[in-house]
Every structure is written in structure tokens, then in C-alpha cells.
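Structure first, then comments.
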Protein chains: 2
Amino acid sequence: MGIELRRPERTFSIRQLCLEFKCTPRALRFYEDKGLLAPARQGLNRVYSYKDRARLQLILRGKRVGLSLAEIREILQLYGKEDGAAAQNAKALAKFRARIVVFEQQREDIDHAIAELTSACARLEELLAETHPELLTAEPAVAPGVHARPGARDLAVAKHH
Amino acid sequence: MGIELRRPERTFSIRQLCLEFKCTPRALRFYEDKGLLAPARQGLNRVYSYKDRARLQLILRGKRVGLSLAEIREILQLYGKEDGAAAQNAKALAKFRARIVVFEQQREDIDHAIAELTSACARLEELLAETHPELLTAEPAVAPGVHARPGARDLAVAKHH
DNA sequence: TGGAACGTTGACGTTTGCGTCAACCTAAAT
DNA sequence: ATTTAGGTTGACGCAAACGTCAACGTTCCA
């Protein structure tokens, strides 16, 4: 039939999204409880649209930069309603600006941290080279070009202990 | 007499550090409990040296970039003992490198976030300018309240609920 | 016909990072 | 002598962000 299964119409099961984004069903349901997601239902089952997937991406990015779920929800809400009460928009503007400032501070902190860790690595490498060269794993730097892709192979999220 | 009271010899009370770094005594004691700080004592009272202050700075920076206290402690420990078991140093090296990778990912995320919020701000400004220009506070940058995150009411500015 | 595989809703447990008393000491100022 | 302004150690409380069962419903498929 003529129905094209192009990407924008695709839907996702909870597990598909979890595999793609390395998280657990529990987490997605939790985000839903907290009002960050609202997938459609097919009977009882959740059905995630492309828009839901995009939201999830934003949520996870937000988390990685240290936002709380409450803050993320706020931002998502403000994002959606560009109309409505203008006073709300003014408040949104202020909040956004404030967040930008915080982010810039954070970037500075991260640059600091990277610099310090890098020099610490250099010192450690020297030290090891002198005393126990056999322990040098011979990986002097981060593999260039390759963004640390976790390589989703299993459905169980392995933890580091 | 010849004794110079240069900075390196200065010591700090718990409150002084709290004021300087916008945190609470409770937090500092907590960090101590967790093995991140170990100030000298004068009777019962804690006396923080310049080195302690530096450690505190690192701790807070670590927190701001999303490290857990446990991770920060690990880093601080590895920092202090450049000798000792070489195998430990090798592990430290690996961990540091891994953290650097995470940090670089984080920086990317933050740049993303800043970009998105900035464009959102621009859109909001336009929208407000058209519909309710009187709400434009004409503060293109930040105004109030130093950026300290939650709570901190012990000796900081009173906050909204 | 039944058992994987996938989904659902509770509900309780856990860790982290402190806040918040309470009860007490102690040196300095009044 | 007593208030005041700092400090101390417990001990309990709490919110965030899930993990971890338990008990149960579908659908497919050999």
C-alpha cells in the first residue's frame, strides 16, 4: 500500500529507546511520572513518537550537564508554549539567561578539570615510564575522531564497581 | 620581629571558608567525614591551612562539574601519593583518562545547551518585543544573586521557599 | 498448551549529600 | 557572672533518582 514508513512516522517501544540511549525502562517511566514525557498508549503499552524521542534526548543531555529533572521539565514546558501568558515568557527569558550564566561557569570548571587531569596524566606517565615501563598500556591519548560510543550490545546496563 | 605573616602561613576558621566559598559548616564537616578534608585541630576546633583551602576549592570545582564526593576523594588521594604501588598509579592513569573523555563529552553537551538556550532567548525576546515590549527588562546580561545552587541558608541570603 | 519475550502497575529499598535540630563546650566581651 | 558568638559531636530527616522485587497481562510461536 502507499503508506510510507519514513522516519518521522516511526514509533518506538520503551525497550528500543532504552537500548538506544542506554537507560532503563524504570527511568523512562519515572520521567513520565515526573511529567517530562507523555508517550501515547496502545492498550497499556507505551508508544514513543519521534517527538518523544527528541524530548528524551534533551532530558538526557540536561542530566549530563547537571540539571535536575525538575529543571529540565521546566525548560521543556517553557519550550513548548511560545504563546500564552507573556509574563510567563518574560520569566522564562530570565531563567534561561540565568542558566546560560551557570553553564558558562560550568564550562570554565570543566576546562580547568581537563587541564589538571591532563597534566596529572602526564606526570603519572613519566613516573611510570621511569619506574615500571611495563605497566604503560601504550595508549598515549584518546583515540581521535571516535566519540566514545558505548556500543550498545547487551540490554543489561553494566555498572562500574 | 622577623616572623612574617605571609599568606602561606595563614589559617582559616570553618566559618571563614564557608563565607568565602558559599557553603555551610555542615558541608565541610561532611567532607571531612568522607575523607576529603583533614584539617588540623586546636583543641576541638578545626583549623584549616592554605592547603586545606586549596583542597576545598578542588572539591567544589569537582562538584560543580558533576563528580561525586567519592570520585573527588579518589582523585585527591591519587594526587597526593605520587609514589607507592605502581600498579595503583597505572589504574589511576586509566581512570584519569576515562574522566577526561567524560569531561569532553560534557563540554560538548554544555555547548549544545548554551546554544539552544541562547537561540531560545533570542526568539523570546523577539516575541516579547512584538507583543509586550513593556516586559523587556532591558537586562541583556545577568542581574542578581550570586550563583550558588540550593539551600545554603545557614549564612547566605534568604531564599524563596 | 505452554513458555518465552515483552509489557504493565504498585510499592518498598537505597544511595548521595547534605539540612536541621539538640545538647554541649569555651573564650571573649559586658 | 552572664550573655554572646563562635565552635563541637551525635542523631534524625529528607528529597532526588532511580533499582529492585512482586504480581500480573499480552502475544507469538513451536
Side-chain angles (χ1 to χ4, degrees), chain A residues 11-48 52 56 58-76 154-161, chain B residues 11-48 52 56 58-76 148-161:
Chain A
T11 62
F12 307 84
S13 78
I14 195 171
R15 191 150 295 255
Q16 283 173 327
L17 285 189
C18 286
L19 284 174
E20 181 174 357
F21 293 111
K22 270 293 184 189
C23 53
T24 68
R26 180 67 177 93
L28 292 204
R29 293 188 201 110
F30 186 72
Y31 301 155
E32 191 174 340
D33 277 4
K34 295 297 175 180
L36 287 114
L37 282 175
R41 296 297 184 115
Q42 193 164 249
L44 276 184
N45 292 15
R46 288 163 175 85
V47 178
Y48 295 88
D52 293 323
L56 179 55
L58 284 178
I59 293 170
L60 297 178
R61 257 217 287 275
K63 286 203 53 184
R64 280 183 309 215
V65 301
L67 296 181
S68 74
L69 294 187
E71 291 170 313
I72 296 173
R73 182 186 49 204
E74 231 187 325
I75 291 182
L76 287 177
D154 212 302
L155 40 92
V157 181
K159 304 281 289 191
H160 54 290
H161 238 13
Chain B
T11 62
F12 307 83
S13 78
I14 195 171
R15 192 151 292 258
Q16 283 173 327
L17 285 189
C18 287
L19 284 174
E20 181 173 358
F21 292 110
K22 271 293 184 186
C23 53
T24 69
R26 178 67 177 93
L28 292 205
R29 294 188 202 111
F30 187 73
Y31 301 154
E32 193 174 338
D33 277 4
K34 294 297 175 180
L36 288 113
L37 281 176
R41 295 298 182 115
Q42 193 163 249
L44 277 184
N45 292 16
R46 289 164 174 83
V47 179
Y48 295 88
D52 292 322
L56 179 57
L58 284 177
I59 292 169
L60 297 178
R61 256 217 286 276
K63 285 202 51 185
R64 279 181 309 213
V65 300
L67 296 181
S68 74
L69 294 188
E71 291 170 312
I72 296 173
R73 182 187 51 205
E74 233 188 321
I75 291 181
L76 287 178
R149 283 261 265 132
R153 54 177 99 270
D154 194 10
L155 32 78
V157 204
K159 306 278 289 192
H160 51 54
H161 166 45

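Letters go in sequence order (proteins before strands), and every chain restarts at 1.
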note: K22(B), atom NZ; dG19(C), atom C1'; distance rounded to Å ~ 16 Å
In Å, rounded to the nearest 0.5 Å, how long is the span from CG of L76(B) to CD of E71(B)? 12.0 Å
What protein N or O atoms touch nucleotides 14-17 of chain D N or O atoms at under 3.5 angstrom, if any, and at what distances?
residue: dA17(D); atom: OP1; partner: L69(A); partner atom: N; Å: 3.0

Looking at residues at least two apart in the chain, or sitting in another chain, which of them share a side-chain hydrogen bond (donor to acceptor under 3.5 Å, both in side chains) with R64(A)? D109(B)
N or O in side chain of T24(B) less than 4.0 angstrom from dC18(C) OP1/OP2: no
Return the value, rounded to whole Å, for the distance between atom CG of L28(A) and atom P of dC18(D). 10 Å
Sorted by chain and number, sequence neighbours left out, side-chain contact (heavy atoms from CB on, under 4.5 Å) with A70(B) holds for S68(B), R73(B)
Please list, pair by pair, any protein nitrogen or oxygen found under 3.5 Å from a nitrogen or oxygen in nucleotides 5-11 of chain D.
residue: dG7(D); atom: OP1; partner: S13(B); partner atom: OG; Å: 3.3
residue: dG7(D); atom: OP1; partner: R15(B); partner atom: N; Å: 3.1
residue: dG7(D); atom: OP2; partner: R15(B); partner atom: NE; Å: 2.4
residue: dG7(D); atom: OP2; partner: R15(B); partner atom: NH2; Å: 3.4
residue: dT8(D); atom: OP1; partner: R46(B); partner atom: N; Å: 3.0
residue: dT8(D); atom: OP1; partner: R46(B); partner atom: NH1; Å: 2.8
residue: dT8(D); atom: OP2; partner: R29(B); partner atom: NE; Å: 3.3
residue: dT8(D); atom: OP2; partner: R29(B); partner atom: NH2; Å: 3.0
residue: dT8(D); atom: O5'; partner: R46(B); partner atom: NH1; Å: 3.3
residue: dT9(D); atom: OP1; partner: R41(B); partner atom: NH1; Å: 3.2
residue: dT9(D); atom: OP1; partner: R41(B); partner atom: NH2; Å: 3.1
residue: dT9(D); atom: OP1; partner: R46(B); partner atom: NH2; Å: 3.4
residue: dT9(D); atom: OP2; partner: R46(B); partner atom: NH1; Å: 2.7
residue: dT9(D); atom: OP2; partner: R46(B); partner atom: NH2; Å: 2.7

For E32(A), which residues count as a side-chain hydrogen bond (donor to acceptor under 3.5 Å, both in side chains) partner, sequence neighbours excluded? R41(A), R46(A)
Taking side-chain contact (heavy atoms from CB on, under 4.5 Å) as the test, write out the residues that go with F30(A), two or more places apart. R26(A), K34(A), L69(A)
State, yes or no, whether a side-chain contact exists between K22(A) and L60(A) at a heavy-atom distance under 4.5 Å. no
Quick one: list whatever passes side-chain contact (heavy atoms from CB on, under 4.5 Å) with L17(B), sequence neighbours left out. F12(B), E20(B), F21(B), L28(B), Y48(B), R53(B), L56(B)
Got R61(A) and L58(A) here, is their nearest side-chain heavy-atom distance under 4.5 Å? yes
Expressed in angstrom and rounded to an integer, what is the separation of D33(A) atom CG from dG19(D) atom P? 13 Å
